[in-house]
Amino acid sequence: MAFGSSSLIWFRKGLRIHDNPALDYASKGTAALYPVFIIDPHYMKPDYNAFSPGSSRAGLNRIRFLLESLVDLDSNLKKLGSRLLVLKGEPGEVLFRCLKQWDVKKLCFEYDTEPYYQALDVRVKNGGKPPLTYQSFLKLAGEPSWASSPLMTSRSSLPLVGDHGDCEIFEVPTLKELGYEDTEQEDYLTPFRGGESEALKRLRDSLSDKEWVAKFEKPKGDPSAFLKPATTVLSPYLKFGCLSSRYFYQCLKDVQKIVKKHTSPPVSLVGQLLWRDFFYTVAFGTPNFDQMKNSTICKQIPWNDNDELFAAWREGRTGYPWIDAIMVQLHKWGWMHHLARHCVACFLTRGDLFVHWEKGRDVFERLLIDSDWAINNGNWLWLSCSSFFYQYNRIYSPISFGKKYDPNGNYIRYFLPILKDMPREYIYEPWTAPLSIQTKAKCIIGKDYPKPVVLHDSASKECKRRMGEAYALNKKFNGLVSEEELSSLRKRLEEEDDKKNQVQEVKTKKQKTIDDWMSTK
DNA sequence: GCATGGTTGAATTT
DNA sequence: AAATTCAACCATGC
């Protein structure tokens, strides 16, 4: 073995062989190649204090997806005469030790170091100002230079794996070995399997219906479709790099060459890939992108701090079956249709509960198998009308929105089996069902399934009012709202709301007295 | 400074 | 069911 000419590829994301520039570069002109993945116990070990099964950082479904992806990567490496070297420990320390001990001369990992990308960065960065709209992003980004250049999508061999000395090498662990128990219970198992092989299979399946690919229009999918989702579900594979976004992009362009009549960005499938890069660009160029405070793009809004409402949302017991079913799908599958994500995000924040978007963001971040820092934060900013999108009067109805796709409530019946026998006229508003119907459906509202935590009509009105006031405050101070201003607005809004509720209470009391009096007559 | 258009609504009318 | 109206705010770009 050529001494001192070995290289190491550090897999973090980019868990694939096809079109993997870091792998190509690492294996070029080297005698030995160390393909390494480091298991960070902090990321992987069970955390029993978390609100759902999983580690402190990730839900069980995403950990499972990652392990499956690693097993697949290892098997694909083995087909090429190599293997995955799994190490354990704090990644920085472990890597440093290996580099030294193995005398590695070249360390490669997924980061765009090519001059082309650096040049692109400068252009896209637009003089330090990231574009804040999709259209202006498109203009700045233009057509990628690799749009029609061949990619390395297959290879016949890899350099031999170098001697790993006395470093302890592991196989990809199972969930059980990581300390998780009862993981085979069908109930909480995402139907989506991880790995490059699965990604490429899914890509081929999606692309086989060329008409469907060409006509894809994002806002038009059916969020209640779950047996056969209305989108490609390639996002988790893109997230972990099991699928190359460039390869995906080229495949889509190839379809467009065949089917001339096709949709365009932002609604087309290519458009979806570009949304990814739009959010990466803004997120990279915006300080404090993932928070409200000290953000240059986030509206300062006096969200409330109601942990009971937040917990009800998180656990899928708001009393709105459409909302709760979506949250159950999030827990069980780690994936929902994008419009379903919109509904629950809107409901939690500006639509009904007025809870801080950062709290919802954290829940998605943990539970989604495709959670991606920039995209997740970007969408929560969007849906909460904190940035990018500002029409806070447009609120998804937790009753009628789902109904127009799924009037029979099949989606609700599947994810909330307690409601499976509720007649279709009450499935979206079970609290309106007469008690006799509830009894017959074996689901008493308030006992077997919760009453609504808020009344949508009055709650959404109150939310709009608060958003209006908050927007006015942001305008007044040109976005630079101090904490004092914000908390004084919060106080005022809550006091006004309390007063209203008191008036309402008096009214209902009066009405009740009248009713009682009438009934005695 | 001002007109324009914007992936992702709802209510109402036809 | 599809079309129309409503109401609305911002980044962009001239």
Side-chain angles (χ1 to χ4, degrees), chain A residues 124 126-141 215-225 229-232 235 262-279 281-282 285-286 295-301 322-323 326 336-347 349-352 357 375-376 378-407 428 456-461 463-481:
Chain A
V124 174
N126 195 24
K129 266 190 181 168
L132 293 175
T133 67
Y134 188 84
Q135 295 305 329
S136 58
F137 166 77
L138 282 189
K139 247 183 233 175
L140 281 164
K215 291 210 173 91
F216 185 91
E217 237 182 305
K218 183 74 167 272
K220 287 200 177 157
D222 177 356
S224 68
T231 51
T232 61
S235 53
H262 58 80
T263 52
S264 300
V267 296
S268 64
L269 274 174
V270 171
Q272 302 320 301
L273 271 174
L274 295 175
W275 275 109
R276 236 173 124 249
D277 284 80
F278 167 68
F279 282 125
T281 309
V282 197
T286 308
S295 164
T296 49
I297 63 164
C298 183
K299 284 254 186 302
Q300 303 300 305
I301 295 165
W322 172 245
I323 300 297
I326 295 168
M336 317 90 96
H337 186 274
H338 75 282
L339 283 179
R341 301 181 192 201
H342 290 184
C343 287
V344 294
C346 177
F347 186 88
T349 58
R350 66 185 170 86
D352 291 84
W357 61 268
I375 302 172
N376 190 32
N379 276 305
W380 276 96
L381 283 161
W382 189 299
L383 266 301
S384 64
C385 280
S386 295
S387 197
F388 309 114
F389 177 73
Y390 307 95
Q391 279 162 258
Y392 56 79
N393 281 297
R394 298 182 179 180
I395 293 172
Y396 291 93
S397 162
I399 297 151
S400 55
F401 188 83
K403 211 186 264 180
K404 70 183 175 206
Y405 296 96
D406 180 15
Y428 284 88
H456 173 65
D457 278 350
S458 52
S460 59
K461 254 189 208 129
C463 283
K464 284 182 205 173
R465 190 178 75 90
R466 291 179 179 208
M467 291 297 285
E469 297 263 11
Y471 268 48
L473 191 67
N474 278 267
K475 203 169 195 170
K476 187 176 160 194
F477 292 101
N478 201 15
L480 297 168
V481 180

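Lettering of chains follows the sequences in order, A, B, ..., and the numbering in each one begins at 1.
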Task: Length of the CG-P vector between A/Asn393 and C/dC6, whole Å - done: 15 Å

Task: A/Lys475 NZ to C/dC9 P, straight-line distance once rounded to whole Å - done: 7 Å

Task: N/O (side chain, A/Ser136) to phosphate O (OP1/OP2, C/dT12) under 4.0 Å - done: yes

Open item on the list: Quick check for you: among B/dG9, C/dA11, B/dT7, whose closest atom lies nearest to any side-chain atom of A/Tyr396?
Closed with: B/dG9

Task: Rounded distance in Å - CG (A/Leu381) to P (B/dT7) - done: 16 Å

Open item on the list: Starting the side chain at C-beta, find the nucleotide from C/dA11, B/dG6, B/dA10 nearest to A/Leu132.
Closed with: C/dA11

- [ ] To the nearest Å, give me how far apart OH (A/Tyr405) and P (C/dA1) are.
- [x] 15 Å

- [ ] Specify the separation, in whole Å, of atom NZ of A/Lys218 and atom P of B/dT7.
- [x] 13 Å

Task: Base-paired stems in DNA chain C, each at least three Watson-Crick or G-U pairs under 3.5 Å - done: B:1-6 with C:9-14, B:9-14 with C:1-6

Open item on the list: Under 4.0 Å, counting only non-hydrogen atoms across every strand here, what does A/Glu217 touch: a base, just sugar-phosphate, or nothing?
Closed with: nothing

- [ ] Measure from the side-chain heavy atoms of A/Pro266 and tell me the nearest of C/dC10, B/dA10, B/dT7.
- [x] B/dT7

Open item on the list: Check this for me: A/Lys215, atom NZ, are more than 12 non-hydrogen atoms of other residues, nucleotides or ligands nearer than 6.0 Å?
Closed with: no

- [ ] May I have the distance from A/Phe388 (atom CZ) to C/dT12 (atom P), rounded to whole angstrom?
- [x] 10 Å

- [ ] Just say parallel, tilted or perpendicular for the rings of A/Phe401 and A/Trp322, cut-offs at 30° and 60°.
- [x] tilted

- [ ] Take atom P in C/dT4 and the same atom in B/dT7, then report the distance between them in whole Å.
- [x] 22 Å

Open item on the list: Parallel, tilted or perpendicular, judged at 30° and 60°: which one describes the rings of A/Phe137 and A/Phe278?
Closed with: perpendicular

TODO: Answer with base, sugar-phosphate or nothing: what part of the nucleic acid does A/Lys299 contact at a heavy-atom distance below 4.0 Å?
DONE: sugar-phosphate

- [ ] Would you name the heavy atoms of A/Pro265 and A/Leu274 that are closest together and state the gap between them?
- [x] CG-CD1, 4.1 Å

TODO: Using a heavy-atom cut-off of under 4.0 Å over every strand shown, decide if A/Ser397 touches base, sugar-phosphate, or nothing.
DONE: sugar-phosphate

Open item on the list: When you measure from the side-chain N and O atoms of A/Tyr134 to the phosphate of C/dA11, is any distance below 4.0 Å, counting only OP1 and OP2?
Closed with: no

Task: Atom pair distance, as rounded to whole Å: CG in A/Leu339 and P in B/dA10 - done: 11 Å

Task: Smallest separation among heavy atoms of A/Cys385 and A/Ile301, with atom names - done: O-CD1, 4.1 Å

Open item on the list: Please pick, from C/dC9, B/dA10, B/dT7, the nucleotide with the shortest atom-to-atom distance to any side-chain atom of A/Trp275.
Closed with: B/dT7

TODO: State, to 0.1 Å, how close A/Ser224 and A/Tyr405 come at their nearest heavy-atom pair, and which atoms those are.
DONE: OG-CB, 3.9 Å

Open item on the list: Could you report the tightest heavy-atom contact between A/Arg276 and A/Leu273, atom names first, then the distance?
Closed with: CB-O, 3.0 Å

- [ ] Return yes if a side-chain donor-acceptor contact under 3.5 Å exists between A/His456 and A/Asp352, otherwise no.
- [x] yes

Task: Presence of A/Gln135 side-chain N/O under 4.0 Å of B/dT7 phosphate oxygens OP1/OP2 - done: yes

- [ ] Write down the distance between OH (A/Tyr392) and P (C/dA7), rounded to a whole number of angstrom.
- [x] 13 Å

Open item on the list: Whether A/Lys139 contacts C/dG13 is assessed here as follows: a side-chain N or O lying under 4.0 Å from the phosphate OP1 or OP2. Is that the case?
Closed with: yes

